[in-house]
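Written out below as structure tokens is the structure these notes cover.
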Amino acid sequence: MLNWDKMEQKYEMDRHFHVTYCEDGYDIEGSAWKKKNGQGWAVLFADHFHDLGPSDTAEDIVIFHYEKDELDVEEMNKLFAKWVNEVLLPRAKDKSLYQYQEV
């Protein structure tokens, strides 16, 4: 869950977008937020299922920084896919939690 007070201090609230990984039956989403003062972007992921961050909480954590001022959506999605394949899925205790679920 995002802490909106912290978010407003660090990021431009009107400049964010969603990054997605939809391959091999997975449906995984993060969000990229423009840092204030032109310092690039931060990509956040909701850590609901494992302890990927410094504490065992269900808070969004910064998974990587994109230091370019102008966003390249295709490049950002490739970086997110790399993180999913190299960090998230190898550490997942139950990968089915990230698979697409029909509602």
Side-chain angles (χ1 to χ4, degrees):
M1 183 67 82
L2 291 175
N3 178 325
W4 291 108
D5 291 331
K6 278 185 172 179
M7 293 294 291
E8 287 178 343
Q9 293 171 11
K10 294 181 178 183
Y11 307 108
E12 295 180 22
M13 299 307 289
D14 60 340
R15 297 195 61 197
H16 72 279
F17 82 101
H18 297 265
V19 291
T20 58
Y21 179 84
C22 297
E23 295 179 26
D24 303 321
Y26 292 106
D27 184 13
I28 303 169
E29 185 176 293
S31 58
W33 293 82
K34 178 75 172 95
K35 297 178 193 177
K36 287 191 173 180
N37 303 320
Q39 301 171 0
W41 299 75
V43 179
L44 285 68
F45 179 74
D47 184 14
H48 294 291
F49 303 120
H50 342 303
D51 181 19
L52 295 175
S55 63
D56 190 15
T57 66
E59 292 188 20
D60 285 33
I61 58 169
V62 175
I63 56 174
F64 65 87
H65 296 277
Y66 182 81
E67 298 304 329
K68 297 177 183 177
D69 195 42
E70 291 303 314
L71 188 62
D72 179 331
V73 174
E74 185 175 325
E75 181 180 17
M76 182 71 77
N77 275 307
K78 285 180 183 177
L79 291 169
F80 184 68
K82 181 179 178 183
W83 177 83
V84 166
N85 285 307
E86 293 179 1
V87 179
L88 180 66
L89 292 178
R91 292 184 185 180
K93 294 174 185 145
D94 182 359
K95 291 180 181 152
S96 70
L97 295 171
Y98 297 106
Q99 291 179 326
Y100 176 74
Q101 306 286 327
E102 291 216 24
V103 287

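In what follows, every heavy atom counts, from backbone to side chain, and hydrogens, waters and symmetry copies are set aside.
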Quiz item: For the atom pair CG (Leu44) and CZ (Phe64), what is the distance rounded to the nearest 0.5 Å?
Solution: 10.0 Å
Could you work out, with side-chain hydrogen bond (donor to acceptor under 3.5 Å, both in side chains) as the rule, every residue matching [X], not counting sequence neighbours?
{"X": "Asp24", "value": "none"}
{"X": "Asp27", "value": "none"}
{"X": "Tyr26", "value": "none"}

Looking only at non-hydrogen atoms, find the nearest pair between [X] and [Y] and report the distance.
{"X": "Pro90", "Y": "Val84", "value": "CD-O, 3.8 Å"}
{"X": "Val62", "Y": "Ala42", "value": "CG1-CB, 4.2 Å"}
{"X": "Lys95", "Y": "Leu89", "value": "CE-O, 2.9 Å"}

Quiz item: Restricting to pairs with a member in residues 7-19, which pass side-chain hydrogen bond (donor to acceptor under 3.5 Å, both in side chains), not counting sequence neighbours?
Solution: His18-Glu29
Quiz item: Should the heavy atoms of other residues, nucleotides or ligands under 6.0 Å from NZ of Lys36 be counted, would the total exceed 12?
Solution: yes
Quiz item: For Val87 and Ile63, what are the C-alpha separation, side-chain angles and deciding distance, and is it a side chain to side chain contact (heavy atoms under 4.5 Å, CB included)?
Solution: CA-CA 10 Å; Val87 179; Ile63 56 174; over 6 Å; no
For residues 72-80, dump all side-chain donor-acceptor pairs below 3.5 Å to protein atoms at least two apart in sequence or in another chain.
| residue | atom | partner | partner atom | Å |
| --- | --- | --- | --- | --- |
| Asp72 | OD1 | Glu74 | N | 3.1 |
| Asp72 | OD1 | Glu75 | N | 3.1 |
| Glu74 | OE2 | Lys78 | NZ | 3.4 |
| Glu75 | OE1 | Tyr66 | OH | 2.8 |
| Glu75 | OE1 | Lys68 | NZ | 2.9 |
| Glu75 | OE2 | Lys68 | NZ | 3.3 |
| Asn77 | OD1 | Thr20 | N | 3.0 |
| Asn77 | ND2 | Val73 | O | 3.3 |

Practice problem: Would you check if the side chain of Trp41 reaches a backbone N or O of Asp69 as a donor-acceptor pair within less than 3.5 Å? | Solution: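 Side chain of Trp41 to backbone of Asp69, a donor-acceptor pair under 3.5 Å: yes, one is there.
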Practice problem: Begin from the C-alpha positions of Tyr21 and Leu88 and carry the test side chain to side chain contact (heavy atoms under 4.5 Å, CB included) through to its verdict. | Solution: CA-CA 11 Å; Tyr21 179 84; Leu88 180 66; over 6 Å; no
Quiz prompt | With sequence neighbours excluded, residues passing side chain to side chain contact (heavy atoms under 4.5 Å, CB included) with Glu67 | solution = Lys35, His65
Exercise. Using the side chain to side chain contact (heavy atoms under 4.5 Å, CB included) rule, take Phe45 and Trp83 through it: C-alpha gap first, then chi angles, then the decisive distance, then the call.
Key: CA-CA 11 Å; Phe45 179 74; Trp83 177 83; 3.6 Å; yes
